[in-house]
Structure formats: structure tokens, C-alpha cells
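Structure first, then comments.
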Amino acid sequence: MLDPKLLRADIDSVASKLKRRGYELDVEAFNKLEEQRKAIQVETQNLQNERNTRSKGIGQAKAKGEDIQPLLDEVASLGEKLKTAESELNKIQSRLEEILFGIPNIPDDSVPDGNSETDNVELRRWGTPAELDFEPKEHFDLGSAKGLMDFEVAAKLTGSRFVVLSGPLARMQRALEQFMLDTHTQEHGYSETYVPFMVNRDSLFGTGQLPKFEEDLFALKGDSNYYLIPTAEVPLTNLVRDVIVDDEYMPRKWVAHTPCFRSEAGSYGKDTRGMIRQHQFEKVELVQAVRPADSYDVLEELTGHAEKILQKLGLPYRVMSLCAGDMGFSSAKTYDLEVWLPGQGTYREISSCSNFEDFQARRAQARWRNPETGKPENITIPEVLRPYMGDIEKI
RNA sequence: GGAGAGAUGGCCGAGCGGCUGAAGGCGCUCCCCUGCUAAGGGAGUAACUGGUUAAGAGCUGGUUCGAGGGUUCAAAUCCCUCUCUCUCCGCCA
């Protein structure tokens, strides 16, 4: 959510920046509502003030043993007036909020113009796609041929857009997860984190999936408050929801491996073959909470961390700066990493790095200030697990 | 699933429906004292937000004692619903 003060102070420039991403802000409507809000809020607070001082007076009179009936008669009509004013104020404020929560983040000035994918700007390439003297196959042909990747049996178990991996392929997925976690924790300074795979509405609201994108989520048991996470970004970012942290707390660097669940509503017919657009997939997510002034440097740094993984794996890729019209709702600037897919003869998105500025923080009421340092305690690791944990003996 | 207890400021912990934004303690900040250390004395110490303003300075309002409703002139205090935490019993693919 944008800073309401920014909208009050300089709505025109906000509107023109939002226009770059194809969002039309109704300036006139907002200003009008805002004017009403101000008038009614002042009136309401005046009435509250009157009630407070009068009630105090009644209390004091009673304490002195005076007759309070005349005073009670005086305030008789106050309650009704206050109630009316308050409900009017609530109505206007919730309308303002509705507008506010529906406004996407402002694209940074460095974000290229454009409306769609085709306007994204390539920044750099790494690696060269191999020259092959044979016809490369798609991953699903390779996997299916070896009997290690089975979409049919997954469809039987659940439905379309799921997969069963077997033997070395399942193990390779695990190896990738481990490799990424180890690289990010040991070389890039992230703190490994295990989080719930289900979150409540407040958390989804904090990162901006709700209220607008409910249909992209899997909810549990109808009207329950539990949703499967579409990305670990949700639990990780919400770690600091409603929290005021100390300056020393920053920067915070989290990495988590989780399954992700997406309904892929609206993408029917797209990428129906293979593992590219599944309802369930594994992801290693990086999230940093940093001081506002550092956020753009950190975006570059974090993108570099993601690139490092592809470099170590020897996978050619390119870095795209998404244009204003192609960025996600909460993002102020986004880089996509696109990896070369020999079977498709093209680069495809594999990773996405965004700076949300204070958009999510404000939504989630995450602020910074005071620290809470816990004392570390030693936990002995069972011997058989040590090989999987870099041979350390204690935590 | 059943029975019970609880949720108050950075932390601990009081709190008869009005004079409690909240006693007391700890912590923290500043000052005094003490040749170091320890101790002692004094003062201060919630957040958010509206209006005003160039202002995150000041002034002046409002809101907040787990959350949401309600009763009342007045609610941390009374009533209802919900969430979470703790204890005991049951269940556990």
C-alpha cells in the first residue's frame, strides 16, 4: 500500500507514475473522498472530545455528591450525534482504504516503459547455449522416456498440473534444494528458515495476495482461514508483520525452501505440458528486510545471489528488467532471470527478484526500532545427520 | 474433542464502572554522589493517528489494556463472540 500522505500531498505525480504501468488513478474521486474524510473526522473527534470532558465532569460532580441529573440531560442527544458521525466516518474511511489497497506500487524511475512482456529490457547475458549436433528434447520427453517423471499417475492421484518424480530425478530435486540452501547460507549470508506452508488471511493481505488475487490461491475447507502458500515470500515477509524492530535488526536475510501452491487460475491452456506451470512446486526463496535507503543496492545484490546459482550450475541465462506494465502488483522494480531451455530454443523465466520498497511493510505494519536478542543454546546433532549438515556437531 | 486458567506499557506485575494512559518493580536515558568496582540519591521514560505546519519541531484533539461487537453520560474494569497461550483428560491415519 502506498503512503496515504504521499497521495494527499502529491497525487498528480503519483497518478502519472502509475499510468506507466497501465493503472488509472481516479484523482478527482480520491480528492473528493479525502475532503469529506477530513471534515467528518474533525467533526467526529470534536464530538468525542465533548463526550469525554462531559463524562469526566459528571464523574467529578458525582464524587462531590451533587445532583447529576441536569448534566445527564445535557448530554442526552450527544450519543446519537456521535454515533451518526462515527458511522459516517467509518463508511468513508473504508471506501478510502478500498481504493488505497487496490493501488499497485509505483514503478521506480529506472523501470523501462511498456505494457507487456515484449517491452522488457535485456540487461545482460551469461554463458552461451551449447551447440548441439542433435535435436534437443523437452524436459518432459526426457523424463517420461526414462520413466522418472510421470504426469499421468499424478493426474490419477490428484488432477492435472501435478507430477510424480522417481529415483534419481526426485533425488536431483532434493540435491538442487540442498545446494541452493547451502550456497545461500554459507556464501551469501542468509539465515535458513523453516516456515508454515499454510498461512492466514492477514499474512496474505500483508504481502498483497489478498484481497485482489484470492482466485490464485488454494484455500482449505471453504471459508477457513487457512491458505496454502503460493510462495515462501508470504511467511517470510510476514515474520515482521506488526513488529517494530530495532535498527540493528537490519538487514535481515532469510532463505527458505518450501513447496508452493498456485491455482494458476486464468492460465488454462498455457504451458500445459511439463513442469513449468504446476499447481505444486518446490522453491528456494530469498527475502531481505532492509533499511529503505539500502533497498536498491540490495536488489542488485540479491539478484546476483540468484545468478550465482545458475552460474554454478552452468546454465546460460539472461537478466531482464521488467517494464512498468509487466511487473507484479506490489513491486517497484523487478528483474527476471531467464534460463536457456534447449528443448524450446528460448530463454524462460526461472527466477524473479523484486524491490517492494515500503509497499508490503506498510501493508503489514512492519516497522523498525528495538532489538530482542535471544541467547543461543547448543543442540547436539545426531551423528548420522552430520554428513547432511556440513559435518557440524552442534548448533 | 472435553474440563479449567490466563492475555495489561521494552519486560515483570497491580488495577472498586468515573479523579487510571494506567500503581509498583525491572530495564533504559540524563543528573548528583562515590578516587576504580559495587552501591546510593534525584529526574525522565508507550505507540499510533487527525488538525495546524515547510516539518518525523511545537501546539491541540482522537484512538489503543489479545481481537470484534454490546450495555452506559462514562469500560482495562460489566455482557456476548472469536483468537492465542498454559494445565489436565481423551483421540491420534
Side-chain angles (χ1 to χ4, degrees), chain A residues 1-11 13 30-97 100-101 157-158 195-196 198-206 210-211 219-227 235 238-250 291-293 357-358 361-375:
Chain A
M1 143 185 200
L2 299 177
D3 187 350
K5 283 182 186 155
L6 189 63
L7 284 165
R8 286 176 209 159
D10 196 9
I11 191 165
S13 91
F30 183 87
N31 282 342
K32 203 168 157 193
L33 261 179
E34 176 57 25
E35 231 170 84
Q36 291 177 24
R37 186 226 98 221
K38 194 191 268 194
I40 291 169
Q41 182 160 3
V42 168
E43 185 196 334
T44 304
Q45 293 186 353
N46 284 342
L47 286 169
Q48 286 172 329
N49 184 18
E50 193 180 341
R51 178 203 58 196
N52 290 346
T53 49
R54 295 245 187 190
S55 290
K56 200 165 264 189
I58 292 175
Q60 286 165 350
K62 202 177 176 189
K64 285 189 234 162
E66 295 169 6
D67 179 18
I68 57 170
Q69 193 51 47
L71 294 173
L72 288 181
D73 294 341
E74 270 178 48
V75 284
S77 66
L78 196 60
E80 274 309 305
K81 277 204 287 196
L82 185 57
K83 208 171 233 175
T84 313
E86 275 174 344
S87 78
E88 183 67 10
L89 180 62
N90 278 342
K91 242 192 287 175
I92 289 187
Q93 265 173 341
S94 61
R95 267 161 72 196
L96 270 172
E97 264 180 17
L100 221 45
F101 287 133
L157 300 180
T158 312
V195 294
M198 301 177 206
V199 292
N200 57 33
R201 296 186 63 88
D202 286 344
S203 292
L204 287 160
F205 188 85
L210 290 181
L220 273 67
K221 287 203 288 184
D223 60 348
S224 96
N225 194 23
Y226 291 147
Y227 291 79
N238 278 281
L239 288 173
V240 287
R241 169 156 61 83
D242 293 328
V243 169
I244 304 179
V245 297
D246 177 63
D247 188 61
E248 294 161 33
Y249 183 85
M250 314 263 234
R291 299 178 187 88
E357 297 189 345
D358 55 3
R362 186 168 299 104
R363 247 178 128 86
Q365 300 219 34
R367 294 162 285 184
W368 90 89
R369 203 191 50 219
N370 255 316
E372 194 71 304
T373 48
K375 287 178 189 156

What protein N or O atoms touch nucleotides 84-86 of chain B N or O atoms at under 3.5 angstrom, if any, and at what distances?
none

Report yes if at least one side-chain N or O of [X] is closer than 4.0 Å to OP1 or OP2 of [N]; otherwise report no.
{"X": "A:Asn49", "N": "B:G61", "value": "no"}
{"X": "A:Arg37", "N": "B:U49", "value": "no"}
{"X": "A:Lys38", "N": "B:U52", "value": "yes"}

Distance, rounded to the nearest Å, where [X] contributes [atom1] and [N] contributes [atom2]:
{"X": "A:Asn46", "N": "B:U60", "atom1": "CG", "atom2": "P", "value": "15 Å"}
{"X": "A:Asp67", "N": "B:C73", "atom1": "CG", "atom2": "P", "value": "16 Å"}
{"X": "A:Arg8", "N": "B:A54", "atom1": "CZ", "atom2": "C1'", "value": "17 Å"}
{"X": "A:Glu74", "N": "B:A74", "atom1": "CD", "atom2": "P", "value": "15 Å"}
{"X": "A:Asp3", "N": "B:G56", "atom1": "CG", "atom2": "C1'", "value": "12 Å"}
{"X": "A:Asn90", "N": "B:G68", "atom1": "CG", "atom2": "P", "value": "12 Å"}

With heavy-atom distances below 4.5 Å as the criterion, would you say the side chains of [X] and [Y] are in contact?
{"X": "A:Glu97", "Y": "A:Met1", "answer": "no"}
{"X": "A:Arg95", "Y": "A:Arg37", "answer": "no"}
{"X": "A:Val75", "Y": "A:Arg51", "answer": "no"}
{"X": "A:Phe205", "Y": "A:Arg201", "answer": "no"}

Quick test: give all pairs of protein nitrogen or oxygen and nucleotides 63-65 of chain B nitrogen or oxygen below 3.5 Å, distance rounded to 0.1 Å.
residue	atom	partner	partner atom	Å
B:U63	OP1	A:Arg51	NH2	2.8
B:U63	OP2	A:Asn52	ND2	3.2

Indicate the atoms forming the closest heavy-atom contact of [X] with [Y], along with that distance.
{"X": "A:Asn238", "Y": "A:Gly206", "answer": "OD1-CA, 4.1 Å"}
{"X": "A:Pro196", "Y": "A:Pro235", "answer": "O-CG, 3.9 Å"}
{"X": "A:Ala85", "Y": "A:Leu47", "answer": "CB-CD1, 3.9 Å"}

(request) Assess whether atom CD of A:Glu35 is packed by more than 12 heavy atoms of other residues, nucleotides or ligands within 6.0 Å. (result) no

Just the table, please: protein N/O against nucleotides 70-72 of chain B N/O, every pair under 3.5 Å.
none

(message) Please determine whether any donor N or O and acceptor N or O are separated by less than 3.5 Å between the side chain of A:Gln45 and the base of B:G61.
(response) yes

(request) Please map the stems of RNA chain B, keeping only stretches of three or more Watson-Crick or G-U wobble pairs with both distances under 3.5 angstrom. (result) B:1-7 with B:83-89, B:10-12 with B:24-26, B:27-32 with B:40-45, B:46-52 with B:58-64, B:66-70 with B:78-82

(message) Between A:Glu88 and A:Gln36, is there a side-chain donor-acceptor contact under 3.5 Å, judged purely by atom types and distance?
(response) no

Under-3.5 Å N/O pairs linking protein and nucleotides 14-20 of chain B:
residue	atom	partner	partner atom	Å
B:G18	O6	A:Lys62	NZ	3.2
B:G18	N2	A:Ser55	O	3.0

If I pick the [atom1] atom on [M] and the same atom on [N], what distance separates them, to the nearest angstrom?
{"N": "B:C65", "M": "B:C48", "atom1": "C1'", "result": "15 Å"}
{"N": "B:G58", "M": "B:G66", "atom1": "P", "result": "30 Å"}
{"N": "B:A5", "M": "B:A57", "atom1": "C1'", "result": "48 Å"}
{"N": "B:A47", "M": "B:U77", "atom1": "P", "result": "23 Å"}

List the atom pairs, donor and acceptor, that lie under 3.5 Å between side-chain atoms in residues 66-74 of chain A and the rest of the protein, sequence neighbours left out.
residue	atom	partner	partner atom	Å
A:Asp67	OD1	A:Gln69	N	3.1
A:Gln69	NE2	A:Asp73	OD1	3.0
A:Glu74	OE1	A:Arg54	NH1	2.3

(message) Could you measure the distance from the CG atom of A:Leu210 to the CG atom of A:Asn200? Nearest 0.5 Å is fine.
(response) 10.0 Å

